[in-house]
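Some notes on the structure that comes next.
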Amino acid sequence: LSSCGGDSQSSQTAAGGEKKDTIVVGLDDQFPPMGYRDDDGNLVGFDIDIATETFERMGMEVKLQPIDWKVKEQELNAETVDCLWNGYTITDSRKEEVLFSDAYMKNRQIIVVMADSEVNSMDDLSGKKLALQSESSASDALDSVPDFKNSLEEVLLFDDNNKALMDLESGGADGVLIDEVVARYYTKKDASKYRILDDSLADEEYGVGFRKSDEELRDKVNETFKEMKEDGTLAEISEKWFGEDITTIQ
Amino acid sequence: MAVLTVKNAKKSFGENHVLNDISFEVGKGEVIAIIGPSGSGKSTLLRCCTILEHLDGGLIQYSGDVLCKDGKYGDKEQMQNIRKKFGLVFQNFNLFPHFSVLRNVTEAPIRVAGMDRQKAEAHGRELLHKMGLSEKENAYPCELSGGQQQRVAIARAMALDPDILFFDEPTSALDPELTGEILKVMRELAEEHMTMVVVTHEMGFARDVADRVIFMDKGYIVEQGDPKVVIDHPENERTRLFLQRFAQDGVSSSKEGEPA
Amino acid sequence: MAVLTVKNAKKSFGENHVLNDISFEVGKGEVIAIIGPSGSGKSTLLRCCTILEHLDGGLIQYSGDVLCKDGKYGDKEQMQNIRKKFGLVFQNFNLFPHFSVLRNVTEAPIRVAGMDRQKAEAHGRELLHKMGLSEKENAYPCELSGGQQQRVAIARAMALDPDILFFDEPTSALDPELTGEILKVMRELAEEHMTMVVVTHEMGFARDVADRVIFMDKGYIVEQGDPKVVIDHPENERTRLFLQRFAQDGVSSSKEGEPA
Amino acid sequence: MNDLLSLSLQLLEGFGWTLAIFFLTLLFALPLGMPLAMGRMSKHKWISKPVEFILLVVRGTPLMLQLIFVYFAPFYLFGMPLGNYRFPATIIAFSINYSCYFAEIYRGGLESIPVGQHEAAEVLGFSKRQTFFRIVLPQVLKRIVPPMGNEVITLVKDTALAQTIAIMELFRVAQAAAASRTSLVPLVMAGVFYLVASFLITRAFNWAERKMSYYH
Amino acid sequence: MNDLLSLSLQLLEGFGWTLAIFFLTLLFALPLGMPLAMGRMSKHKWISKPVEFILLVVRGTPLMLQLIFVYFAPFYLFGMPLGNYRFPATIIAFSINYSCYFAEIYRGGLESIPVGQHEAAEVLGFSKRQTFFRIVLPQVLKRIVPPMGNEVITLVKDTALAQTIAIMELFRVAQAAAASRTSLVPLVMAGVFYLVASFLITRAFNWAERKMSYYH
Ligand SMILES: Nc1ncnc2c1ncn2[C@@H]1O[C@H](COP(=O)(O)OP(=O)(O)OP(=O)(O)O)[C@@H](O)[C@H]1O
Ligand SMILES: Nc1ncnc2c1ncn2[C@@H]1O[C@H](COP(=O)(O)OP(=O)(O)OP(=O)(O)O)[C@@H](O)[C@H]1O
Ligand SMILES: [Mg+2]
Ligand SMILES: [Mg+2]
């Protein structure tokens, strides 16, 4: 796998091959507020703002490439994208395939229930149905707590969080396990309709995924992160999207 | 009493008056041949008699039971009762391809007449034997020659013991060599005094076997009577013209006329 | 020189010896009728002469040009050249349903013989006129009666000006009334000294029009000669038996024999 | 190795759901197609036109949408809580969708039976019901075997759409496994399952075709 | 209101990709199906058997898998960089898949032409090529119109699978819009697009059927 992308970073980007300093960012365009489409169809989101800022500082041109999230690692290794940057959770099994940047943000997997639900804790969910987005870090998080998982009557895997929440609302599921940042976005409109359990699953961290061979590129991104932390850019972008600075770069 | 009475039968398809005031009777044991040019309404007449088409006006009566009067038909049950009195042998046989020969013959007696299976099969075998098809009872229609298929069709029609049998051009779909075979079967039926109405182009058969010939043209009966008279010495101009054509292909080996 | 020479022709399908040592010649302007029971190999013989089947052994020669010798065929070009010398009218016509009548007749002259379209159409119209089909040139085959379809098939075969025309049972697919019509066309062709080989069941036609009759049985030529002699006074026992059957359906109005 | 075994077991479990959808859809859609076909062929415009419209809409929109609609409509349109409606909704959506495809195939078969078969049965006195079940239907079955074979193979693969409303069928299991292993192997294995199923169906239909070829 | 307009424009753009996949697939798969059909019908086992196997595999596995395979195989099997291969890969996978389905339809059509048509052409001296293009093919076209209509409508809806390798076709756009709006409206609107397309295709095929019904 390393034969092509071996030595240097951006010069090897196949997808943007014509131009030396173009970097292709692979993302899911159905993952608000990290990356999604606004009402006019433009790609927007927290991750998109940070990625754009980071690579601009590095003197690179950014090309945003929405991909199907279920083949994201294959896209990365096939060099059709140069990094995965979209609320991409750092896990041990992914580390074997992918080179991660420093974690730039903390995330929790939280459980959303309907406001009038009798479920108040994870224990109350035993024997009930939990919905979540398939192929997401929520499913990894759930796998890491087998006792909880086994106590559930059923795990419902949906293509996207949208349908999972619809299923919750319409009574098909009793709770939705979902990235905290995403949950905030979705529940913003109808805050009174939903309730978030106090319990949450293991904390996790978002990072940017690179090919194993692109260490130089990864290091440069880490440096840029620090720069942006220092001059307050990260905080600024975070406040724009979340109303507070929740980034974790030291 | 006549087995079949047709009086002032009328039938149109839209503007096309296919049957105009057709009347005739068929007595028990009689064999009637209906001849006439293509499109003259012969098939339509047979279809009306077998309730495949409904008359617009006129009467059809089987052994005194009225099928329709002034174009009005009885109820379902009455019609079903009358259906038992006749049988029809289609020009292209219309055998049921998915049934064996025996089952083609026994299905209606069992399902429609409610006959006991064993009795129906015994009767069916007897009919097939008479038709020279004893060895074929387990064959399927597609495995039979045209002539054999037709004999199955006859056996099927006979299986319900009808008072009268209708045939629509029984030989025109057959290889000429087989024609002789099938005409022989019909001759035998005639000898057993089966009542039959046969639409045919076989003048030889009409002349030799029929008791009466009806010549139709444009939905009218133009001429009817003794076959020898009608065929060999037709009175009507139209009949003469029609029969002349047959001379050409050797019915009577005569070469006198050119076709019109 | 003979238009067609067939010598010691042999053909088997697997174990089934369909043609066993068939030899005959057809002279210019001759009309040959081939008769015989079903399965005797008549159609196969015609198909071998028209290169639809290949002989296993023997010779076929058209006006001196060898098509095959001892079962060995010439190259593609030679075969293509010989194809121009004959025409075939299929039993079920095999007209091209998607072409108009005129185009059925002109397509081969234009595409195969490379004739100029205008010339081909003029010639095609002439042929259709001769066949009494002038008004039908823009019709499609499905709009024609069986007899009309057959006349188109004849015109199509004639359009390449063949030296010899083959017919496979030209009337057996037709309504008896149309048979007279088509036989009239063939009589006219005969009068114009068209060389023809006709497989037929029409004894009347064979007797009246053919110069020579060939009677086949089980892949052999059993008897051949003057039609009056062969048909009315057959020497061979098998021929006699075969012709008896025809008596039944009125070829000669005789009633002497029952079929075997 | 052990991992491959456990993966196989998971896939097999998913395949169980796939088969359940497959067979239940056939169970309902096969008979349901017939009244639709007959409605479509009806002489009465007020029957044939609505049926034609239904066929157009169902065949003209993606099954995935129909699944979403059938599953969520009771709640969003009528406020009915869904409870355990997931699997029934899948079967309803699949059955409706496939019965419309089957209806068009049946119609082709029905229209190809010569009118003479109906007439022969009528003259012999068979009732409409007897004519249909004893004379027409057996002949229709024979004629529709090839197109039905195609459609049924498509059904096997379409079962993957049930994941839209979170049914854990084969493809969903394979995708989840592929994601957690960051490997395409589970997807390829799922492909093999589909291939084997398609192959067996093809065989079954060829067998049916041969079995019915005792006549033509 | 303004929002709906902008949404419609986005969907329209996605529909552009959908149409591009649709027409390019037809462009390649329609002719490609013919040699496959003929290969399948070949008298030589060493041609017909491999073709039969190809048809089985392609028709027996999900198109989604084929898309993934066609897109990633050049890199994972041969180390070739993929560059701008996304759209070409889509067209290749769709064309292969559909040519196999078309091949089976063509085969049905070819087998239904009476052998007498070939013989008549042969006796008249037409070359094999002329016989095929002038006599056989026009008649085949007429006979395959109905099954082709079904298959082509299926193609319209199958284009949605192209999102697997990140083509921004209609359904993908609709899903993204549905996610950010937390609403099913975009999906329903996409359904309407598919329905209209299916309707127009049905119309076109009915027209073709009528146009070719000047003979039978
Ligand atoms: N179902 C129908 N609808 C409309 N017209 C019909 C129908 N059936 C028959 N006709 C017309 O009725 C006329 C008589 O047809 P019919 O079949 O009774 O003639 P026929 O004497 O049997 O001819 P043939 O000797 O060719 O069988 C024809 O003009 C035919 O076109
Ligand atoms: N393609 C074939 N393959 C195998 N056997 C064949 C083939 N064509 C003909 N036969 C066999 O050859 C024999 C002669 O058939 P052919 O068609 O030449 O007879 P025919 O004299 O034309 O009969 P008919 O009067 O019924 O047309 C028959 O036994 C037939 O089954
Ligand atoms: Mg008639
Ligand atoms: Mg023959």
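Residue numbering restarts at 1 for every chain, and letters A, B, ... go by the order of the sequence lines.
By the salt bridge (Lys or Arg N to Asp or Glu O under 4.0 Å) test, E/Glu111 is found to be paired with E/Arg107, residues two or more places apart in sequence or in another chain being considered. Applying the salt bridge (Lys or Arg N to Asp or Glu O under 4.0 Å) rule to C/Lys136 yields no partners; only residues at least two apart in sequence or on another chain are considered. Listed by chain and residue number, C/Asp65 satisfy the salt bridge (Lys or Arg N to Asp or Glu O under 4.0 Å) test with C/Lys85 (two or more places apart in sequence, or in another chain).
Of all heavy-atom pairs between E/Tyr214 and C/His98, the closest is OH-O, 3.0 Å. Of all non-hydrogen atoms in E/Val123 and C/Leu88, the two that sit nearest each other are CG1-CB, 3.8 Å. The shortest non-hydrogen separation linking E/Ala120 to C/Asn94 is CB-O, 3.6 Å.
Only the side chain of C/Arg47 comes within contact range of chain E, with at least one heavy atom under 4.5 Å from a heavy atom of that chain. Interface residue C/Phe90: only side-chain heavy atoms are found under 4.5 Å from chain E.
When each of E/Met212, E/His118, E/Gln130, E/Glu119 is scored by its heavy-atom pairs under 4.5 Å with chain C, the top score falls to E/Glu119.
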Carefully, step by step, assess C/Glu143 and E/Tyr215 under the rule side chain to side chain contact (heavy atoms under 4.5 Å, CB included).
CA-CA 8 Å; C/Glu143 298 164 346; E/Tyr215 74 90; over 6 Å; no
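Atoms OG and CZ, from E/Ser127 and C/Arg111 in turn, are 11.0 Å apart once rounded to the nearest 0.5 Å.
Listed for the E/Gln117 side chain is a donor-acceptor partner under 3.5 Å among the backbone atoms of C/Leu95.
At a heavy-atom separation below 4.5 angstrom, chain C is approached by E/Arg134, E/Ile135, E/Pro138, E/Gln139 within residues 132-152 of chain E.
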